Amino acid sequence: MTSTTKNFKSAAKTVIKDTEVQSHLKGLYSGFNMARIHEAEATPNWEDLQNRAQAIKFHTIENLDYYLDMAATNVEKAGGQVYFAKDAAAASEYVLKVAKENGVRTVIKGKSMISEEMELNQQLAEKEIEAIETDLGEYLIQLAGQTPYHIIVPAIHMSRGEVAEILSDNLGTPKDATIEEMAGAARDELRDKFVQADMGITGANFLVAETGTLTLVTNEGNGRMSTSMPKTHIAIMGMEKIVPSMEDMGIFLRLLIRSATGQRISSYVTQVTGPRASEEEDGPDEFHLVIVDNGRTKMLADPNLREALNCIRCGACLNACPVYRKVGGHSYGWVYSGPIGAIVSPVLTNVPDAKDLPYASSLCGACKEACPVKINIPRMLLYLRNELTEGNYDPTRKKSSIGEFIAFKGWGLIVKDPVFMRIANWLGRLGQWPLVRAGQLRNLPPPLSAWTRYRTFPRLVKPFRDRWKSNEQ
Ligand code: SF4
């Protein structure tokens, strides 16, 4: 997917003014977020599960080479083929090679964010291979020529009217069709595609290293049909999707599903180990697993960012984030949005281009609180801000101006010394009077104008100790 992370601010401004999209985004909080909180409260030992999952993730990522090797060995033992792709281009090349060898003309796809990283649908189209998304949200996005808006609910920004319009244009359903009629029309269309398809391509929620088993979580059954109906199945996953054992996976399933949609269990949990065995009726003749790096080793190499690889892509931090719920998913400009996207997208694309994303947070900590694996997102956002300010990602970036340097040195002196603090307070109170309106500071001159353009700032008052003294008197 072409990155437009540079345009974050202008894109966000447009979304904030779109009342229709704003009403859909509000639903993320009252719907998914509240359902998650309810399920977390209703689950015995929720925090214990979180702590165990966090420990497993830290351990797996620290020993990723060991578990990747174990997983690859076990997939091959089960009859599958494994390909390690260093980047999106290498992964696409492998998929196209397998498609060519098998004379593939039609592909059905389960939801896969990594295939968005690869722009796989466009690449298949260039080879005249039809690729059809089978998750309903992804299908709508594909018909509309858009990209996913949210990790879990890709078409959350679309109104019912827009969906009716898209389906009417593409499937001929009446524009006043009911939701059931629209879903039915999409299902009929996709059923035919499942039957015709030569190849299924899916992502992976998890890969169990000890057995080489791929796990997919869906609510529509499309994951199961994509993995079992076509003769060839290719699963594509980021290298961080490994869990060591089946027992561990039980923990992640409980956390993922509750955190993503607030369900206790999703309608379908599909597990695939290799291609169809001789005694099995269903399943593909060939199973390929593509394990993709595409910049993840950069995150792995940086101890300050490694924790981002613990993400299980549940989307809970997006639903909890007050910034995401205002600016929406497309503003972030690449595959991953919201708080975790503000870390992953810059690192996997180009940090200087995406320099506004780490600032797209009030650092309120709602993301960290919502995260089922307790990822410390605010810490990593602060780290990226610091790296950007220090020019560590972009040597051509101008470091702090002399004015900024003096201001912060001065601030440092003032807060460290009570005498300077008192003098500064007195001078500030004296100097602020032309700017005070109804007890608040508004429309301050630069460099504080950006802050007070949209919000007021309390006026400086007498220090607490002085007020305490006069109260006592
Ligand atoms: S960072 Fe945590 S809350 Fe956000 S998507 Fe990843 S696992 Fe879910």
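Note that these values count all heavy atoms, side chains included, but never hydrogens, waters or copies made by symmetry. Please read all numbers here as calculations on a predicted model, not as lab measurements. All ligand and atom numbering here is 1-based and tracks the order in the structure.
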Hits for ring-ring contact (aromatic ring centres under 6.0 Å, His included) against His288, two or more places apart or cross-chain, chain-then-number order -> Tyr94

Examine His157 together with His150 and report whether their ring centres are nearer than 6.0 Å. no

Residues forming a side chain to side chain contact (heavy atoms under 4.5 Å, CB included) with Thr202, sequence neighbours excluded: Leu214, Leu216, Ser226, Thr227, His233, Ala235

Look at Asp293 together with Lys86 and state whether they make a salt bridge at an N to O cut-off of under 4.0 Å. no

Atoms of type N/O/S from protein, distance to atom 2 (Fe) of ligand 1 below 2.8 Å: 1

So ring-ring contact (aromatic ring centres under 6.0 Å, His included) across residues 6-58, not counting sequence neighbours, yields Phe8-Tyr332

Considering only NZ, NE, NH1 and NH2 on the basic side and carboxylate oxygens on the acidic side, decide whether Lys374 and Glu47 come within less than 4.0 Å. yes

What residue and atom, counting heavy atoms only, is the protein's closest point to atom 5 (S) of ligand 1, and at what distance? Gly315 N, 3.3 Å

